[in-house]
Amino acid sequence: MAALNSILFFFLSALAVVSAILMVTRRNIVHGAVYLITTLLATAGIFLLLQAEFLFVVQVILYVGGIMVLFVFVIMLVNLDVSLLRFQFNGQRFVAGVLALALSAQVFLAIWMGRNSLHLPEPAASIAAKNTEAVGDALFQRFMLPFEIASILLLVAMIGAVVMAKRRV
Amino acid sequence: MNAHPFFLGHVWLIPLFPLLTAAAMLFIGRRLNNSAVNALCCGSVFASFIFSVGAFLQLIALPSEERLVTSVLFEWIPALPFHMLNGRLANFVADFGFQIDPLSCVMILIVTGVGFLIHVYSTGYMAHEGGYYRFFGYLNLFMFSMLILVLANNLVMLFVGWEGVGTCSYLLIGFYFHRKSASDAGKKAFIVNRIGDAGFLLGIFLTSALLGTIRFAEIGPALAAGHFAMGDPLLTAIALLFFVGATGKSAQIPLYVWLPDAMEGPTPVSALIHAATMVTAGVYMVTRTNAIYQLAPKAMALVALVGAVTALFAASIGVVQTDIKKVLAYSTVSQLGYMFLACGVGAFTAGIFHLMTHAFFKGLLFLAAGSVIHALSGEQDMRKMGALSKKIPVTYWTMLIATLAIAGIFPFAGFLSKDLILGKAYEKDALLWAIGYFTAGMTAFYMFRLIFMTFHGTSRVDHDVEHHIHESPKSMLIPLLILAGLSIAGGWLSWPEIFGGNSRFVRFLEPVIATTQLARPEPTHGPGSPHGEIYLMLLSEGLVVLGICFAWYLYIKRTELPGKIAKSLGGFYRLVYHKYYVDQLYDALFVNRAKDLGLALGVFDTTVINGVGVNGAGWLTRFISSLSMWWDTWIVDGSIRLGSRIVWLFSYPVRLIQDGLVQSYMLLIVVGLIGFLGYYFYLGHHAVR
Amino acid sequence: MNATIPTDYYLWLSLALFTIGVIGVLTRRNVIIILMVFSRMWGSVDGQVFAIFVITDAAAEAAVGLGIILAFFRNRETLLADEMDMLKW
Amino acid sequence: MGHLIPQSIVPYVIPVICAVVIVAVLPLLAGYIVLMERKVMADMQARLGPMRVGPHGLLQPIADAVKLLLKEDIIPEKADLLLFWFAPLLSVTMALVAYAALPIGPAFQIADLNIGLLFILAVSALGIYGIVFGGWASNSHYSLLGALRSAAQLVSYETAAGLGLISALLLAGSLSMKEIVMAQYDQGVWFIWYVPIGFFIYLVGSIAETNRAPFDLPEAESELVAGYMTEYSGFRWSLYFLAEYANMIIVAGIATTLFLGGWLRPFVSFHDHLPGTSVELLDALPSLLVLGVALYCFYLAPKQPVKIQKLFMGAVGGLCFLLAAILAGALFAPAPVQQGIHGAFWFMAKVFGYLYLFLWFRFTFPRYRFDQLMRLGWRFLIPLSLVNLITLAVALLLTREWGWNLRLTTILSAGVTLGVAALLLKEDDAGSQMQTADGE
């Protein structure tokens with residue numbers, strides 16, 4: 001069981017990282033989207049491993065089933081063969097790479113230094129069994145205000161997207 | 001005010017009706033069809049006529065001494081204190097008020113009655129003209145102004161009406177504005193009237209300054225209170241100034257020149273404005289202010305003289321005119337002269353009486369002439385008429401009645417009024433009587449010359465016109481018939497006492513004539529007795545018949561004679577034919593001089609005002625502003641530019657960072673993040689220590 | 001169960017994905033890629049309720065971002081981020 | 001046997017068996033649904049349909065499958081090979097994965113997830129990628145347009161259908177498929193009677209999600225040849241085909257579970273027993289029905305024209321007879337076995353009933369135009385489902401807090417929703433007229 005979990009975790013992690021790298025480097029956007037979907041699914045799998053089933057479903061429905069469909073849709077709407085022929089990286093790539101690595105090195109250092117103090121609490125059995133209800137309770141009681149704010153954010157985003165896409169600017 | 005009976009209390013409605021329809025015509029008339037225009041305009045005038053009749057009936061129901069009803073709607077020009085000539089303080093107040101007394105009552109009856117008939121006539125006469133609604137709009141506006149004029153209770157209100165009728169006269173003379181002669185005639189009428197109006201206005205000022213009031217009802221008491229002597233020079237001046245105004249409006253020497261030209265207007269206009277109503281405004285005004293005149297005998301003498309001379313002078317021009325309307329125009333001038341003669345000899349009631357009868361028969365004459373012109377498709381030259389009596393019989397008979405009336409045949413209206421004047425003149429001065437007497441003969445001559453040339457003899461009508469000769473429509477003929485009836489019977493209102501009458505009309509007007517008149521000196525010579533009056537009448541009848549016979553002889557019997565006479569008279573004929581060259585004289589003396597003045601002023605404007613004043617000022621401004629500009633450009637702007645340049649220089653490196661690319665901003669975010677984290681590491685490091 | 005997998009492993013995974021995301025955002029020229037990578041960066045954070053909010057946020061961001069891209073593409077016919085420089089000055 | 005199988009694998013044995021059964025049977029089932037479709041179409045068009053291959057065309061699906069597998073596999077020259085290969089696979093995989101949470105009977109379920117419904121929805125939503133990537137990878141305009149239409153349509157109707165499902169969820173109070181069915185058992189009534197409008201919304205939404213007529217715009221043959229499948233042929237094409245029919249069964253299964261009582265028999269609260277036994281009267285219904293079919297087959301067998309067909313028909317009758325015997329025998333087996341077998345029967349019967357609705361609609365309604373489709377989804381179904389949800393929530397509140405009768409409150413809720421629907425239709429009518437006037 002433990003071994004299976006470990007194997008699954010490493011497999012999914014590797015899948016996520018590799019497809020993330022591939023996504024960033026692919027010339028063809030559609031391929032990039034495919035790899036991103038793969039990454040997201042791998043992440044979802046990790047959520048499932050953590051017994052966060054609801055999160056898994058949300059990840060799949062919203063990210064993969066919703067947001068990425070939108071992305072793919074837009075990609076196909078605006079797909080330009082011309083852009084495939086152009087160089088895919090911008091002028092600041094070397095500086096940017098170095099800086100990004102520096103940043104990640106810092107974060108690495110931070111995590112390394114604090115790794116021993118980090119551990120997830122053991123989930124209570126009741127929560128593990130009824131994950132969805134637990135999430136729902138948390139959302140609608142403790143995080144009620146953030147939830148409402150998020151819904152307003154979504155509304156604003158929806159209006160903004162409609163305006164952006166509809167008006168001839 | 002409300003105590004008065006209905007019509008007397010609502011006298012202000014009389015001018016209101018035409019005003020409303022005039023406004024309607026001028027604002028929305030374009031959208032109305034002709035029958036709607038007819039209904040509105042004739043209807044409104046008829047309503048005024050009904051109210052006038054009502055007012056008249058209610059007025060004569062009052063006792064004779066109470067026949068003065070004033071209704072002030074509001075105080076138009078509020079009280080302004082000023083010093084009178086005698087140093088006392090007085091208030092200048094002009095009411096928007098109406099006054100109805102026998103005089104204005106007679107006037108409104110004439111104006112609305114004759115006006116209504118002429119309106120009806122116009123619906124036929126103008127039926128095929130363009131600008132139908134505009135014509136009726138002007139006509140109604142004229143009715144309004146004229147009614148204001150005769151109903152006004154003070155001089156300023158009267159002046160408003162006075163100017164209003166002048167304006168409408170101008171508009172209607174120039175009704176065919178696309179014809180240059182018409183618009184010129186309109187302007188001429190307007191400008192000539194201005195001269196008279198200036199005198200009138202001055203008269204009003206002087207009245208106000210001298211008497212402290214401009215209300216008619218208060219002038220008499222003011223005169224009485226002022227203890228003015230007979231022949232007071234200021235009163236004489238006022239009377240003369242008023243008379244200047246009257247000569248303008250009523251076409252007397254020397255300002256008569258506009259009236260013949262005014263015949264350019266449509267014939268109903270000539271009938272209504274330039275025969276029946278407006279031109280008599282001068283007579284009305286003199287009568288209205290008779291209290292002043294009676295204290296200024298010299299002015300009265302001048303009025304009488306001018307009237308008499310004008311009568312003779314105009315009649316002599318009328319003798320040789322060939323345009324049918326011009327003949328009638330000079331005849332009008334001549335008859336107006338009679339009226340002033342009457343006023344001048346103190347017979348104001350006689351003048352008004354003649355005014356009324358003249359309105360009937362001269363209105364009829366013009367309308368009949370219009371009917372003739374209508375029948376001849378617009379022909380006005382009498383030399384191209386003749387033998388029309390059978391073709392247009394109604395017109396012929398009505399016109400003949402009017403001619404008999406104006407010629408003074410017993411018992412037509414003209415005879416009664418004219419003989420009343422002549423009788424009074426004879427009482428006053430034999431010379432004036434002689435002029436009037438001779439003029440009466442000439443009047444008979446030229447009027448019958450008109451009749452004979454138009455209706456009798458051989459036809460000289462153009463061939464292509466001859467086929468179209470037709471009697472006018474009923475809407476034109478019915479007014480003719482009504483006016484013919486009035487021309488016969490209108491004078492009987494004042495049936496002379498010597499014929500067993502009671503001079504009711506003159507008695508009716510008596511209260512208006514100031515009672516302040518001093519005892520007149522006994523006439524040096526005059527009829528003295530009823531028999532004398534009879535003799536005078538017979539004498540004038542004789543002359544009139546002679547004139548008619550003479551006309552018949554010249555224009556029916558021996559048609560070649562007039563040409564020979566004209567040739568034998570030579571220079572004198574030309575002088576008369578060209579109206580004594582008065583127009584040319586005025587042109588040379590005043591009009592061209594005014595034009596010269598205008599040109600000179602124009603030159604002055606271009607050279608001095610424009611050249612030195614405007615351009616010089618402009619140059620100066622430019623010069624100063626160029627200096628200012630230099631300062632602005634180099635000192636003010638320069639300092640700002642320097643500042644901005646410095647800011648620009650310092651901002652340039654910062655600007656390089658902000659290149660508009662999202663990704664480089666994000667790079668900067670990353671740099672910032674690195675810095676933050678590094679700082680925290682640094683802090684942590686020290687904290688550990 | 002999850003005790004068998006040390007907690008920091010999740011963090012290492014997150015860090016890796018985050019780094020890849022940062023590099024992608026900073027270096028790719030295609031705006032859609034950039035937007036996609038953005039989603040990736042935030043997706044690397046754990047925590048249930050928090051994650052849900054993050055996903056919500058990502059949805060909103062994607063909607064608006066794609067709207068902007070569509071509008072931009074209509075006007076400029078390009079998707080390259082370094083040709084979008086209208087924010088300058 | 002215990003020593004042959006490691007202990008850690010034991011919990012996975014039965015699910016794996018179930019999965020294998022499903023993957024094996026599903027293509028066959030899809031083939032026979034196609035046969036059913038053709039037969040229904042023929043019946044509605046007053047003709048016979050396939051009759052040659054096997055008696056009454058009973059072997060037609062086999063023949064079709066063989067034909068498809070043997071066809072030449074054409075790949076367009078400029079296609080994106082990776083995705084062209086990957087897309088149909090993705091499609092069919094996701095369709096099959098969704099079966100993991102579908103309870104075909106109380107016993108026959110791969111995994112009873114506590115988020116079962118969401119799982120099915122999530123996974124079946126991924127099937128869209130198969131269509132979109134397939135359409136894009138074909139490098140053909142027809143395909144791309146079909147794919148885009150499909151994506152837009154799916155996103156639009158997923159919302160409405162999901163909101164329709166939530167109305168049933170409110171009544172069930174759980175996301176687990178099994179518990180939803182049990183909730184209907186406990187309440188003794190199918191949820192369709194409580195939320196008919198929710199069922200209607202889901203019906204329309206599910207038709208649109210599976211790209212079936214009258215919402216089959218992604219593959220409208222008169223406009224786009226075959227939509228995203230234009231460039232596919234042979235085996236890949238049959239995979240898409242399989243995925244479509246699998247998805248139809250999925251949505252039918254979901255509708256069955258949520259609205260039609262899942263594996264429960266009709267009149268589930270009717271418990272009269274056969275006299276003298278513990279067998280319930282209504283439980284005898286399945287075996288009797290199948291027995292009728294068997295007898296009909298035996299009746300038809302001698303009438304077949306060819307001897308082999310006579311034999312085959314007889315064999316079919318025998319099979320049905322055997323099935324009837326099993327169903328009857330199950331009556332006397334232990335309760336779990338009995339419920340498992342009968343539940344599977346009822347579940348499949350309801351699924352086929354639901355699919356019959358699909359077929360019926362397909363041959364009844366003309367195809368929508370794309371803007372009409374979008375308007376129906378966004379301006380009618382979504383507002384309607386939101387209103388339905390809110391009124392239903394109010395109804396439940398009234399029931400739980402004030403003790404009103406649930407029947408009454410749900411009827412009130414449905415009435416209010418219908419009123420709003422009428423209003424929406426009227427508005428929509430005006431809106432569409434305005435739009436026509438705009439010429440947009």
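Excluded from the calculations below are hydrogen atoms, water molecules and symmetry mates; all remaining heavy atoms, backbone and side chain alike, are included. A note on names: the letters A, B, ... follow the listed sequences, proteins ahead of strands, and every chain is numbered from 1.
Partners of D:Phe133 under the ring pair (Phe, Tyr, Trp, His ring centres under 6.0 Å) rule, at least two apart in sequence or in another chain, are D:Tyr129. Applying the side-chain contact (heavy atoms from CB on, under 4.5 Å) criterion to A:Thr38, with sequence neighbours excluded, gives A:Leu15, A:Ser19, A:Val34.
Residues of residues 94-101 of chain D lying within less than 4.5 angstrom of chain A, judged on heavy atoms, are absent.
The side chain to side chain donor-acceptor pair (under 3.5 Å) pairs that include a residue from residues 154-172 of chain D are D:Ser156-D:Trp378, where partners are two or more places apart or lie in different chains.
Between A:His31 and D:Trp136, the ring planes are perpendicular. Angles over 60° get that label, and only those under 30° would be called parallel.
With a threshold of 4.5 angstrom between heavy atoms, D:Leu126 approaches chain A through side-chain atoms but not through N, CA, C or O. For a residue to count as touching a neighbouring chain, one of its non-hydrogen atoms must lie under 4.5 Å from one of that chain's; by this rule D:Leu118 touches chain A with backbone and side chain alike. For D:Ala137, no part sits under 4.5 Å from any heavy atom of chain A, backbone or side chain.
When the candidates D:Leu154, D:Leu148, D:Leu90 are compared by the number of heavy-atom contacts under 4.5 Å with chain A, D:Leu148 comes out ahead.
Sparse packing is recorded around CZ of A:Phe11, with 12 or fewer heavy atoms of other residues, nucleotides or ligands lying under 6.0 Å away.
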*Just do the side chain to side chain contact (heavy atoms under 4.5 Å, CB included) check on D:Val123 and A:Val60 with the steps written out, would you?*
CA-CA 8 Å; D:Val123 172; A:Val60 173; 5.6 Å; no

